[in-house]
Amino acid sequence: MHHAIRAVLVAAVLSVAIAAPARAEELRIAVGATGDNGLINGMKRFATEIEKATGGRYTGKVYEQVLLNYAETMAGVRDGVADIGYVIPAYARGEFPYGNLVVDLATAGINPVAVAGAANDFIVNCEKCIDEYRRQNQVFLGTSVIGPYYMMSVTRITEPGDFAGRKIRGFGPFGRWVAAMGATPVVLSANDTYEAISQGQLDGNTNTMDSLAGFSLGEVTDYVLDVPIGVYIGNNMFNMNRDRWNELSDADRRAFIRVGGETVGWSTVVYWAENRALLENPASVGVEVVQPSEAVRRASEEFRASDLQTVAQLNREKFGLADADTQLAILMGMVDKWAALTAGVDTDSTDAVSRLFLDEIFCKVDPSRL
């Protein structure tokens with residue numbers, strides 16, 4: 001009888017052990033800002049969808065600006081301070097020369113969805129890009145595209161002469177636009193821009209309309225110039241620490257790639273819609289949209305047309321990419337490809353865009369290549 005009871009108890013314990021799910025691994029997901037927009041909400045969506053896609057094996061906790069700021073996130077993901085982070089290659093040009101070649105193509109288009117498709121398609125098929133992430137102990141899981149960027153300023157700037165003597169935050173192609181307009185570009189982290197403007201060290205900023213709310217820049221600037229400069233391609237939303245990635249099963253790696261691709265599509269569409277709404281209602285973020293003079297509009301268009309050649313030269317001569325022309329030709333081919341692919345898709349539909357990104361890019365990615 002004693003043995004029978006013991007057998008029953010052992011069986012009961014085993015059945016509970018088998019039925020009990022393994023304890024979920026909670027991932028630390030860092031983003032260097034806080035707010036209610038398509039990018040921050042995309043980070044939260046990623047955490048939710050990862051839990052679903054892995055059957056609860058992995059959950060995520062999003063740390064908004066409290067774990068790492070934007071400038072710290074690259075090293076933080078590399079070193080395992082965060083498991084996943086919103087990494088901005090422009091803050092680490094030396095570590096991501098090919099990644100920044102993509103960032104430099106801001107003037108290739110002003111439709112964020114089409115450019116996002118081209119950028120992701122290029123990166124996942126660019127071995128030199130993937131090698132950069134490997135060297136930084138990271139895995140690339142998708143980049144969103146935001147924009148267009150506009151100039152916001154303390155004083156009204158609409159004529160060529162208004163730019164003279166002004167210091168405007170702008171890096172990469174946006175800094176080149178600032179210089180082409182006759183002002184002085186200043187490279188500064190987005191997190192530090194509010195203080196620099198409020199203390200009079202900067203006269204303005206180039207960024208998306210949402211930054212007026214997300215970084216409270218509507219409190220320290222009064223005007224937005226209605227000239228779209230270009231889109232920003234450098235938002236690696238879900239770079240993953242490679243040590244953590246190596247712990248995943250092949251099925252879970254595929255789930256992470258799929259969720260990353262779906263979410264960058266979702267975030268790109270949502271953020272673009274939010275920014276169009278702010279441009280239509282600028283008073284909601286405390287600014288006035290002003291129209292450029294014909295001379296300023298023409299100068300901006302000339303800059304956009306010529307900047308792609310500047311990108312090739314800069315990357316060859318300043319940043320040491322001997323194959324810059326070849327890589328740019330591939331990138332521009334991707335831009336043309338995605339202009340055609342998105343022409344027949346409702347780019348206001350998160351479902352349609354996410355499905356297109358998955359079908360054309362992320363579902364084709366072999367996890368072992370990352």
Side-chain angles (χ1 to χ4, degrees), residues 29 31 37-50 52-54 60 84 86-89 99 102-103 105-106 108-126 129-130 133 138-148 231-240 245 251-276 330-367 369-370:
I29 302 175
V31 57
N37 62 56
L39 298 179
I40 306 299
N41 291 331
M43 303 299 284
K44 297 173 183 175
R45 181 183 177 88
F46 179 89
T48 300
E49 294 301 316
I50 279 297
K52 293 178 188 175
T54 62
I84 292 171
Y86 190 116
V87 172
I88 300 178
V102 181
V103 177
L105 275 189
I110 57 173
N111 180 317
V113 171
V115 177
N120 283 285
D121 205 349
F122 175 80
I123 292 170
V124 300
N125 290 292
C126 166
C129 301
I130 299 302
Y133 293 107
Q138 296 176 38
V139 175
F140 172 84
L141 295 175
T143 195
S144 69
V145 171
I146 61 173
V231 294
Y232 184 60
I233 313 174
N235 300 292
N236 293 173
M237 293 181 71
F238 312 117
N239 276 21
M240 189 168 187
W245 170 262
D252 285 340
R253 288 178 187 177
R254 291 180 188 279
F256 273 69
I257 293 168
R258 189 171 65 251
V259 171
E262 185 272 336
T263 311
V264 295
W266 185 91
S267 296
T268 298
V269 171
V270 170
Y271 195 77
W272 189 23
E274 291 168 347
N275 278 263
R276 292 200 307 268
I330 296 170
L331 257 169
M332 292 309 296
M334 291 288 190
V335 169
D336 292 340
K337 170 186 172 180
W338 278 87
L341 281 172
T342 54
V345 171
D346 179 4
T347 52
D348 290 329
S349 166
T350 54
D351 288 345
V353 170
S354 294
R355 173 48 53 195
L356 183 65
F357 282 17
L358 291 178
D359 289 347
E360 294 290 336
I361 308 170
F362 292 94
C363 285
K364 297 178 179 180
V365 173
D366 177 354
R369 282 192 58 251
L370 296 179

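Every value quoted in this text rests on a predicted model; they were computed, and no experiment measured them. Side-chain atoms are counted along with the backbone in the values below, which use heavy atoms only and exclude waters and symmetry mates.
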Pairwise distance CG(L141) to CZ(F46) - rounded to 0.5 angstrom: 6.0 Å
Check against side chain to side chain contact (heavy atoms under 4.5 Å, CB included), M334 and V102: CA-CA 11 Å; M334 291 288 190; V102 181; over 6 Å; no
Separation between CZ of F256 and CG of L370, rounded to the nearest 0.5 Å: 13.0 Å
Atom pair CZ/CE of R253 and M240 - distance to nearest 0.5 Å: 9.0 Å
Short side-chain donor-acceptor distance under 3.5 Å, N37 and E274: no
From OG1 (T263) to CD1 (I50), nearest 0.5 Å: 7.5 Å
Shortest non-hydrogen contact from G38 toward V270: CA-CG1, 3.7 Å
Where L39 and S144 come nearest, the two heavy atoms and their spacing: CD2-OG, 3.6 Å
Between CZ on residue F238 and CD1 on residue I29, distance to nearest 0.5 Å: 8.0 Å
Ring geometry between Y133 and F140 (parallel below 30°, tilted from 30 to 60°, perpendicular above 60°): tilted
Chi angles and distances behind the side chain to side chain contact (heavy atoms under 4.5 Å, CB included) call for L356, W338: CA-CA 10 Å; L356 183 65; W338 278 87; 3.6 Å; yes
Least distance between heavy atoms, A116 atom then F357 atom: CB-CZ, 3.9 Å
Shortest non-hydrogen contact from S267 toward G42: OG-CA, 3.3 Å
Test item: N125 side-chain N/O and D121 main-chain N/O as donor-acceptor pair under 3.5 Å: yes
Nearest non-hydrogen partners of A255 and T54, listed with the distance: CB-CG2, 4.3 Å
L341, CG: over 12 other non-hydrogen atoms inside 6.0 angstrom: yes
Distance-minimising heavy-atom pair for Q138 and V87: OE1-CG2, 3.8 Å
Carboxylate-amine/guanidinium contact R45 E262, below 4.0 Å: yes
Pairwise distance CG(N41) to CH2(W266) - rounded to 0.5 angstrom: 5.0 Å
Criterion side-chain hydrogen bond (donor to acceptor under 3.5 Å, both in side chains) against T143, the qualifying member of T268, N236, N235: N236
Derivation and outcome, side chain to side chain contact (heavy atoms under 4.5 Å, CB included), residues N275 and I146: CA-CA 9 Å; N275 278 263; I146 61 173; over 6 Å; no
Backbone of L358 reached by a side-chain donor or acceptor of R258 within 3.5 Å: no
Validation row: L105, M332 side chains within 4.5 angstrom (heavy atoms): yes
Side chains of W272 and V145 in contact at under 4.5 Å (non-hydrogen atoms): no
